[in-house]
Amino acid sequence: MYAATRPIDRLDAVAYLSRMAKLPIVTLPDPILRQVSAPVERVDDDLRRLIEDMFETMYAAPGVGLAAVQVGIPRRLLVVDAAEEGEERRPLALINPEILWLSDEKRVYEEGCLSIPDVRVEIERPARVRVRFLDKEGVQQELEASGLLATAIQHEIDHLNGRLIIDFLSRLKRDMIVRKFKKQAKGGVAA
Ligand code: GNR
Ligand code: NI
């Protein structure tokens, strides 16, 4: 409806001024999840708006991390917040992240993925990671992470390369899960 024919009420005005949006999350078997995301070319206001929307989407899910491809935008951008419930938020946006170093020490964690609801996979990954990236101001940064943050960053960078947690399973188990999601997408039962 047009603003000229209908007064904007207070809630509309707030939504309009803050302009945050929860975005739909792409799920298996959408083939976009298998794309290799392209580098972000410009860090501008449009990208910062996308980052804000990705944070809103991730916190609402709720999730520990989110890659842009999961909201249908195959660009090398991810957001993550590994703070525990009750802790203060620690939002991190990584643009064009590059892994500089992975520890020999490993850590095993049962990972979930918002693009593969209700599936959990136990994955062994390097326990610590060092990454270089651009922050939301376009400034190059480096970060060394451990614990859940290290796991989540590796999970999200896998998304940028079209890799999913089911790729750590045997082909048989992976195919069973993919088939289930294909059937669901066709209009089968929800479980
Ligand atoms: O919410 C999520 N939880 C999670 C748990 C362990 C390791 C990685 C993650 S990321 C995941 C959200 C998601 O799908 N990000 O791509
Ligand atoms: Ni995921």
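All ligand and atom numbering here is 1-based and tracks the order in the structure.
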| How about K182: does its NZ atom have over 12 heavy atoms from other parts shown lying under 6.0 Å from it? | no
| message | Between E144 and R130 (salt bridge meaning N to carboxylate O under 4.0 Å), is one present in this structure? | response | yes
| note | Residue shell for ligand 1, any heavy atom closer than 4.0 Å, reads G63, V64, G65, Q70, Y109, E111, G112, C113, L114, T151, H155, E156, H159
| query | side chain to side chain contact (heavy atoms under 4.5 Å, CB included) between V79 and L94: does it pass, once the steps are laid out? | reply | CA-CA 6 Å; V79 296; L94 277 59; over 6 Å; no
| Row check, Y59 ring normal vs R89 NZ/CZ: under 6.0 Å, within 45° | yes
| Which of these, V64, L148, L143, sits in a side-chain contact (heavy atoms from CB on, under 4.5 Å) with I153? | L143
| query | Just by modelled atom types, is the V26 backbone N or O under 3.5 Å from a matching donor or acceptor in the S115 side chain? | reply | yes
| field | Protein N/O/S count near the Ni ion (ligand 2) (criterion: distance under 2.8 Å) | value | 3
| D45/K136 ion pair, N-O < 4.0 Å | no
| request: Answer yes or no: is there an ion pair linking R132 with E142, defined by an N-O contact shorter than 4.0 Å? | output: yes
| said: Any donor-acceptor pair under 3.5 Å linking the side-chain atoms of R34 with those of N161? | reply: no
